[in-house]
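Let me begin by presenting the structure, written as structure tokens, before commenting on it.
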Amino acid sequence: MAVWALGINHTTAPLDLRGRFAFAVDQIGPTLHSLRESFATRVGRHPEAAILSTCNRTEIYCAAQKLELDSTLEWLAQSGGVSPAQLRNHAYLLRDGQAARHAFRVASGLDSMVLGEAQILGQLKDAVRAADEAGALGTTLNQLFQRSFAVAKEVRTSTEVGAHSISMAAAAVRLAGQLFEDLSQVRVLFVGAGEMIELAATHFAARNPRAIAVANRTLERGEKLAARFGGQVMRLADLPGRLGEFDIVVSSTASQLPIIGLGAVERALKARRHRPMFMVDLAVPRDIEPEVKALEDVYLYTVDDLAHVVQTGHASRQAAVAQAEAIIDAGVQSFLHWMDQRHAVPLIRQLQAQADEWRTHEIARARRQLARGADVDTVLEALSRGLTQKLLHGAMAELHAGDAEARERASAAIEHFFLRKER
């Protein structure tokens, strides 16, 4: 089996390009089906496949009898509406040990914008679960991901890679504190009600803002989040008319198009008499039109803008990173050893089937002899002799072969498999 990974992330591709390849949770199943069908049409086989899609990365992991990296690149480029050459300029294409190492580093948080962050492990587990539910996960990828989870656990328990890491949400609060002297006097609006918004709301709520509101497509989910922090809820459709009420806007939805446009922000600023607005767009693709950043009284930050803030403390964790890499090295070698062993599986099955056939034959003969009243010891002796003769027949035949070179090879193999007292 060949294993490969293809992806783009926050270090290789700009935000707008990453946005073309962002897949919502409910899109993963159909997308995997499309990917695997494209392979079946081309090469006649469905590969194992999984897709990891977050605000910072989109990655495809595959396993099949034959390496199909270029075909995977072409499929992904087509799905994002770009040329394969353009995607290749921003993508990483990894195979076998490199692909395994990358998966282990991702699971351990070593490839994250926030070094050592734990959220990515949950996102990877969700991606594996989605692939399994879509029927796209096979033995090889399942083994790869289960080992990545085990490596990640060892990294987190044995090293301090995640110590003192600053999350995206915490970075947003820190930047807001630089603009507004007293966060207890500001009104904060959260757009969306997913995991990222929940984390951001937790951090901002800790600063006791004057008011909190949640705008979401479905009121039920928005109400649940707002209730946790003593906030109010509004419909997403009401957002343009009420945007000016808020000093801070944090948005992270799964929308494929911006939901906060330049015109809406301009009207909000006019209503606020140009008092400053702090806006954080944590979504990929963008929730807030990029032109908003040019407005004089708006301070707009995207996930990429927050990158330099979350780098704080990286240098002090380099020793822990070295420890983590050693753990990952061992995990990669273990996975590759397992892959090598997989090549012998058909031969092992054939050998076991042959041994079972011999055993079944000799037992049947022994039972017939016992049924005729033969002596038990005599039957057992015949049973053991019969099995021994069948086991040694091939080896003995090779030793009596006319070809001297064949006899020499047979002698070495027999000494290796039969005449060693200890392995």
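FYI, side chains are in, hydrogens and waters are out, and symmetry mates aren't considered; it's all heavy atoms of this structure.
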Problem set entry | Gap between atom OG of Ser34 and atom CD of Gln27 - 0.5 Å precision | 11.5 Å
Exercise. Do the non-hydrogen side-chain atoms of Gln354 and Gln350 ever get within less than 4.5 Å of each other?
Worked result: no
Problem set entry | For Ile120 against Ala107, the heavy-atom pair lying closest together | CG2-O, 4.3 Å
Problem set entry | Trace of the side chain to side chain contact (heavy atoms under 4.5 Å, CB included) decision for Ile8 with Phe21 | CA-CA 9 Å; Ile8 56 174; Phe21 301 100; 3.6 Å; yes
For this session: Evaluate the side chain to side chain contact (heavy atoms under 4.5 Å, CB included) criterion for residues Leu124 and Phe145: first the C-alpha distance (whole Å), next the side-chain angles of each, then the deciding distance (0.1 Å), finally the verdict.
Result: CA-CA 8 Å; Leu124 184 57; Phe145 290 125; 4.0 Å; yes
For this session: Considering non-hydrogen atoms only, spot the tightest contact between Arg57 and Val106 and give its length.
Result: NH1-CG2, 3.7 Å
Exercise. So does Arg88 pair up with Asp70, basic N to acidic O under 4.0 Å?
Worked result: yes
Problem set entry | Glu398 CD to Ser411 OG distance, which is reported to the nearest 0.5 Å | 10.0 Å
Exercise. Which pair of non-hydrogen atoms, one from Ala40 and one from His46, has the smallest distance, and what is that distance?
Worked result: CB-NE2, 3.5 Å
Problem set entry | Nearest non-hydrogen partners of Ala131 and Leu32, listed with the distance | CA-CD1, 3.7 Å
Problem set entry | Asp356/Arg349 under salt bridge (Lys or Arg N to Asp or Glu O under 4.0 Å): CA gap, chis, key distance, verdict | CA-CA 10 Å; Asp356 282 342; Arg349 288 175 178 166; over 6 Å; no
Problem set entry | Side chain proximity check, Thr140 to Gln143, heavy atoms < 4.5 angstrom | no
Seminar exercise, completed: One should read off an interatomic distance between Leu295 CG and Met279 CE, to the nearest 0.5 angstrom, of 9.0 Å
Exercise. Are more than 12 heavy atoms from other residues, nucleotides or ligands located less than 6.0 Å from atom CD of Gln78?
Worked result: no
Problem set entry | Any side-chain donor near an acceptor of the partner, Glu59 and Tyr92, under 3.5 Å | yes
Exercise. So, Asn208 and Ser184: side-chain donor and acceptor under 3.5 Å apart, yes or no?
Worked result: no
For this session: Run the numbers on Arg18 and Asn56 for side chain to side chain contact (heavy atoms under 4.5 Å, CB included), then give the verdict.
Result: CA-CA 8 Å; Arg18 298 202 307 273; Asn56 287 327; 4.0 Å; yes
Exercise. Quick one: does Leu189's side chain get under 4.5 Å of Ile248's, heavy atoms only?
Worked result: no
Problem set entry | Heavy-atom side-chain contact between Ile328 and Leu110 under 4.5 Å | yes
For this session: Look up atom CG in Leu6 and atom NE2 in His102, then write down how far apart they are to the nearest 0.5 Å.
Result: 10.0 Å
For this session: Scan side-chain atoms only and decide if Asn9 and Thr11 contain a donor-acceptor pair under the 3.5 Å cut-off.
Result: yes
Exercise. Quick one: are Leu67 and Val3 in side-chain contact, heavy atoms under 4.5 Å?
Worked result: no
Exercise. Would Asp16 and Arg286 pass as an ion pair if we require N to O under 4.0 Å?
Worked result: yes
Exercise. Which word best sums up how the rings of Phe180 and Phe278 line up, parallel for under 30°, tilted for 30 to 60°, or perpendicular for over 60°?
Worked result: perpendicular
For this session: Tell me yes or no: between the side chains of Thr302 and Asp305, is some donor less than 3.5 Å from an acceptor?
Result: yes
Exercise. Hey, mind stepping through Arg105 and Glu325 against salt bridge (Lys or Arg N to Asp or Glu O under 4.0 Å) and telling me if it holds?
Worked result: CA-CA 8 Å; Arg105 295 186 86 253; Glu325 294 285 11; 3.0 Å; yes
Exercise. Hey, would you say the Phe190 and Phe229 ring centroids sit under 6.0 Å apart?
Worked result: no
Problem set entry | salt bridge (Lys or Arg N to Asp or Glu O under 4.0 Å) assessment of Arg129 paired with Asp126 | CA-CA 5 Å; Arg129 190 178 302 111; Asp126 288 342; 2.7 Å; yes
Exercise. Going through the checks in order, is the side-chain hydrogen bond (donor to acceptor under 3.5 Å, both in side chains) test met by Thr253 and Asp287?
Worked result: CA-CA 7 Å; Thr253 75; Asp287 276 348; 2.8 Å; yes
Problem set entry | Main-chain N/O of Val155 paired with Ser158 side-chain donor or acceptor, under 3.5 Å | no
Exercise. Checking side chain to side chain contact (heavy atoms under 4.5 Å, CB included) against Arg101, which of Leu94, Asp329, Leu336 comes through?
Worked result: Asp329
Problem set entry | Glu198 and Arg228 ion-paired at < 4.0 Å | yes
Problem set entry | Heavy-atom neighbours of Glu181 CD exceed 12 at 6.0 Å | no
For this session: Could you verify whether a donor N or O on one side chain and an acceptor N or O on the other, from Gln123 and Thr54, lie under 3.5 Å apart?
Result: no
For this session: Show your reasoning for whether salt bridge (Lys or Arg N to Asp or Glu O under 4.0 Å) applies to Glu362 and Lys390.
Result: CA-CA 10 Å; Glu362 293 301 325; Lys390 285 180 169 59; 2.6 Å; yes
For this session: Determine whether more than 12 heavy atoms belonging to other residues, nucleotides or ligands lie under 6.0 Å from atom CZ of Arg95.
Result: no
Seminar exercise, completed: When Arg272, Gln185, Arg187 are each screened for side-chain hydrogen bond (donor to acceptor under 3.5 Å, both in side chains) with Asp247, the one that passes is Arg272
Problem set entry | Under 3.5 Å donor-acceptor, Glu48 side chain and Leu141 backbone | yes
Problem set entry | Side chain Ser112, main chain Leu115, donor-acceptor under 3.5 Å | no
Seminar exercise, completed: In short, Arg221 meets Gly194 closest at the heavy-atom pair NH2-CA, 3.8 Å
Exercise. At their closest point, which heavy atom of Tyr61 faces which heavy atom of Leu144, and how far apart are they?
Worked result: CD2-CD2, 4.4 Å
For this session: Please check if the side chain of His90 supplies one atom and the backbone of Thr12 the other of a donor-acceptor pair under 3.5 Å.
Result: yes
Exercise. Which of parallel (below 30°), tilted (30 to 60°) and perpendicular (above 60°) describes Phe104 and Phe335?
Worked result: perpendicular
Exercise. What is the distance from atom CG of Leu225 to atom CG of Asn216, rounded to the nearest 0.5 Å?
Worked result: 8.5 Å
Seminar exercise, completed: So OG of Ser108 and CG of Leu121: to nearest 0.5 Å the spacing works out to 8.0 Å
Exercise. Would you say the side-chain atoms of Glu289 pair up with the backbone N or O of Glu291, donor to acceptor, closer than 3.5 Å?
Worked result: no
For this session: Taking atom NE2 of His393 as the centre, report whether more than 12 heavy atoms of other residues, nucleotides or ligands fall under 6.0 Å from it.
Result: no
For this session: Evaluate the side-chain proximity of Val303 to Val284: yes if any heavy-atom separation is below 4.5 Å, no if none is.
Result: yes
For this session: Report yes or no: do Arg147 and Ser334 form a side-chain donor-acceptor pair below 3.5 Å?
Result: yes
Exercise. For the side chain to side chain contact (heavy atoms under 4.5 Å, CB included) test, which of Gln65, Lys66, Arg342 pairs with Met1?
Worked result: Gln65
For this session: Evaluate the side chain to side chain contact (heavy atoms under 4.5 Å, CB included) criterion for residues Lys293 and Val298: first the C-alpha distance (whole Å), next the side-chain angles of each, then the deciding distance (0.1 Å), finally the verdict.
Result: CA-CA 6 Å; Lys293 197 179 186 75; Val298 173; over 6 Å; no
Problem set entry | Minimum side-chain heavy-atom gap Leu392-Thr388 below 4.5 Å | yes
